[in-house]
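Shown next, in structure tokens, is the structure this report addresses.
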Amino acid sequence: MTIQLHDTLRGKKVPFEPQREGEVTMYLCGPTVYNYAHIGNARPAVVFDLLARVLRRHYKLTFARNITDVDDKINAASLETGKPIEEITARFIKAYNDDMGALGVQPPDIEPRATQHIEVMIAMIEALIDKGFAYEAEGHVLFDVSSYKDYGALSKRDLREMIAGSRVEVAPYKRAPHDFVLWKPSTPELPGWDSPWGRGRPGWHIECSAMAEKHLGDTIDIHAGGQDLVFPHHENEFAQSCCAHDGAPFAHYWLHNGFLSIDQTKMSKSLGNVLLVHNLIETIPGEVIRLALLSAHYRQPLDWSDETIAKARRMLDRLYGAVRGIVVPDEVRAAAVVPQALVDALEDDINTPKALAELFDLARALNKSDDDGEKTSLAAQIYAAGDLMGLLGSDPEEWFAGASDGDLPAEEVEALIAKRNAAKAERDFELADAIREQLSDAGVSIQDGREGTTWRRNG
Ligand code: AMP
Ligand code: ZN
């Protein structure tokens, strides 16, 4: 079966054909490194890691996931904390890779950093000016949206309607409200690089166009990211790259994951409900989080709650329970083939709910079987499927040892913390203190911080 992927530009699922036989290039917009990644940020990392694994079965894949290490949010974090920018970005690049690694995300082939590609960005901006798609004004360079007739094609927006409905204050140096920044001036205390337009720094969108060009060429096969990036980020990348490359398409397939919400609400700093992967993995096995993120189809919204986690944990209990006690010799495991129905599901626009259903069918068959040879073969297939999906990497005995050590289960700890936070919000400090004591008696210490309450088991 051919791989099918949903392309945002065409608005439908289409058969995947790489531009060069046997080879695929894929670019995923990566993190802006000024803080830890939250669970929403982990969704594209995990989903497109799975796609990379599926593609690697057939093709030589070159997968780039960038690091945005020059950005106004990073500058703001540096001002706020008094820490140098390089210290902040180095810390959060490492944290991102460690945290995603804990979720079974394999490192991409290339991890380009924006600050190491300034020359490429400047060259691309110069090309856009030379070709009449960009203009300089007061130390800024702007992309002239009116010069590109296909602007709005990806996000299905009509530029005239956008302008008519626009209420944004137009910066004086812009010719039109939707012209976007390719380069902007920096003050002496901000990071900046010499350029034909004075000392300055790049806009966010040009970073990805330039890094994709440098590492993957003018036209890439797959461009991916979260659905919030369709507009303006990807629309702008699309315009810049096509115009800089004389109309060559930027990407043949545009893939976007749906959004993750928390308890049916949008995750946001102001609501105080931002869940950081860094904190979650202290108490929840990375594999549980990965399975929870893959439990919904990637284009659907995914609501994250205690129940999402508990469900993923139960699913892994069932899978590990099925293979527990079955010795699969190395050579059988090495020769095991992932069942075709499961591969077909993943190759059908990464249909993870279907793939997981296939995995449970195997577990059910294994539980029913009383033939040792068949059991070994089914267990080997389950492990092979797990390898493909980045799951079932633990030893079943270790899995169950970790889950049933007599401690207060993580869900109960989380529930007590939620209850304590609610008590604190209602200024019921007596109850809040009683809950802290109850947790302490159960060997759990908690810490309130800016990002919420974290906890750990003592000793
Ligand atoms: P950012 O660092 O904000 O650019 O986000 C990094 C990646 O996470 C992008 O691909 C975003 O689209 C994605 N993303 C951010 N928030 C969410 C969310 N709540 N659900 C799913 N994806 C998200
Ligand atoms: Zn990007």
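Whatever order the structure lists them in is the order used to number ligands and atoms, beginning at 1. Everything quoted here is computed from the prediction, not taken from an experiment. Hydrogens, waters and symmetry mates play no part in the numbers below; they use all other heavy atoms, side chains included.
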Review point. Of all the non-hydrogen atoms in the protein, which one sits nearest to atom 20 (N) of ligand 1, and at what distance?
Key: Leu260 N, 2.8 Å
Check your understanding: atom 13 (C) of ligand 1: which protein heavy atom is closest, and how many Å away?
Key -> Pro44 CG, 3.8 Å
Review point. Got more than 12 heavy atoms from elsewhere within 6.0 Å of CD, Gln447?
Key: no
Exercise for review: Inspect the surroundings of NZ in Lys156 and state if more than 12 heavy atoms from other residues, nucleotides or ligands are less than 6.0 Å away.
Suggested key: yes
Study note, to complete from the structure: Looking at Pro31, Gly226, Gly40, Ser268, the heavy atom closest to atom 22 (N) of ligand 1 belongs to Gly40
Exercise for review: Compute the ring centroids of His215 and His117, then answer whether they are less than 6.0 Å apart.
Suggested key: yes
Review point. Does His256 have a heavy atom less than 4.0 Å from any atom of ligand 1?
Key: no
Practice item. Give a yes or no on this: more than 12 heavy atoms of other residues, nucleotides or ligands lie within 6.0 Å of atom CD of Glu23. Key: yes
Study note, to complete from the structure: For the Zn ion (ligand 2), angle spanned by Glu237 OE2 and Cys29 SG (nearest 10°) is 110°
Study note, to complete from the structure: Nearest non-hydrogen protein atom to atom 1 (P) of ligand 1, with distance, is Asn41 ND2, 4.2 Å
Practice item. Could you tell me which atoms of ligand 1, counted from 1 in the order shown, lie closer than 4.0 angstrom to a heavy atom of Asp228? Key: 11 (C), 12 (O)
Check your understanding: Would you say the ring centroid of Phe92 lies under 6.0 angstrom from that of Tyr34?
Key -> no
Point to revise | Of all N/O/S atoms in His233, the name of the one nearest the Zn ion (ligand 2) | key: NE2
Practice item. Assert yes or no for the condition that the ring centre distance of Phe250 to His223 is strictly below 6.0 Å. Key: yes
Review point. Of the backbone and side-chain N, O or S atoms of Glu207, does one lie nearer to the Zn ion (ligand 2) than 2.8 Å?
Key: no
Practice item. Pick one of side chain, backbone, both or neither for how His38 approaches ligand 1, counting any non-hydrogen atom pair under 4.0 Å. Key: side chain
Check your understanding: Could a heavy atom of Ala37 be found less than 4.0 Å from some atom of ligand 1?
Key -> no
Check your understanding: Between Arg201 and Ser186, does any side-chain donor sit less than 3.5 Å from a side-chain acceptor?
Key -> yes
Practice item. Please write down residue, atom name and distance for the protein heavy atom closest to atom 17 (C) of ligand 1. Key: Phe259 CZ, 3.3 Å
Check your understanding: Can an N, O or S atom be found in His205 less than 2.8 Å away from the Zn ion (ligand 2)?
Key -> no
Check your understanding: Looking at the rings of Trp183 and His140, which for Trp means the six-membered one, are their centres under 6.0 Å apart?
Key -> no
Exercise for review: If you have a sec, work out which protein heavy atom is nearest atom 9 (C) of ligand 1 and how many Å separate them, to one decimal?
Suggested key: Leu229 CD1, 3.8 Å
Exercise for review: May I ask you to list the atoms of ligand 1 that are less than 4.0 angstrom from any heavy atom of Asn257?
Suggested key: 21 (C), 22 (N)
Review point. For atom 2 (O) of ligand 1, which protein heavy atom lies nearest, and how many Å away is it?
Key: Thr32 N, 3.6 Å
Check your understanding: What's the shortest heavy-atom distance between Arg314 and Glu307, and which atoms?
Key -> NH2-OE2, 2.8 Å
**Study point:** Contact atoms of ligand 1, heavy-atom distance to Gly258 under 4.0 Å
**Key:** 21 (C)
Check your understanding: Any chance NZ of Lys13 has more than 12 other-residue heavy atoms, nucleotides or ligands included, within less than 6.0 Å?
Key -> yes
Exercise for review: Say whether Asn279 and Tyr36, considering side chains only, have a donor N or O and an acceptor N or O under 3.5 Å apart.
Suggested key: no
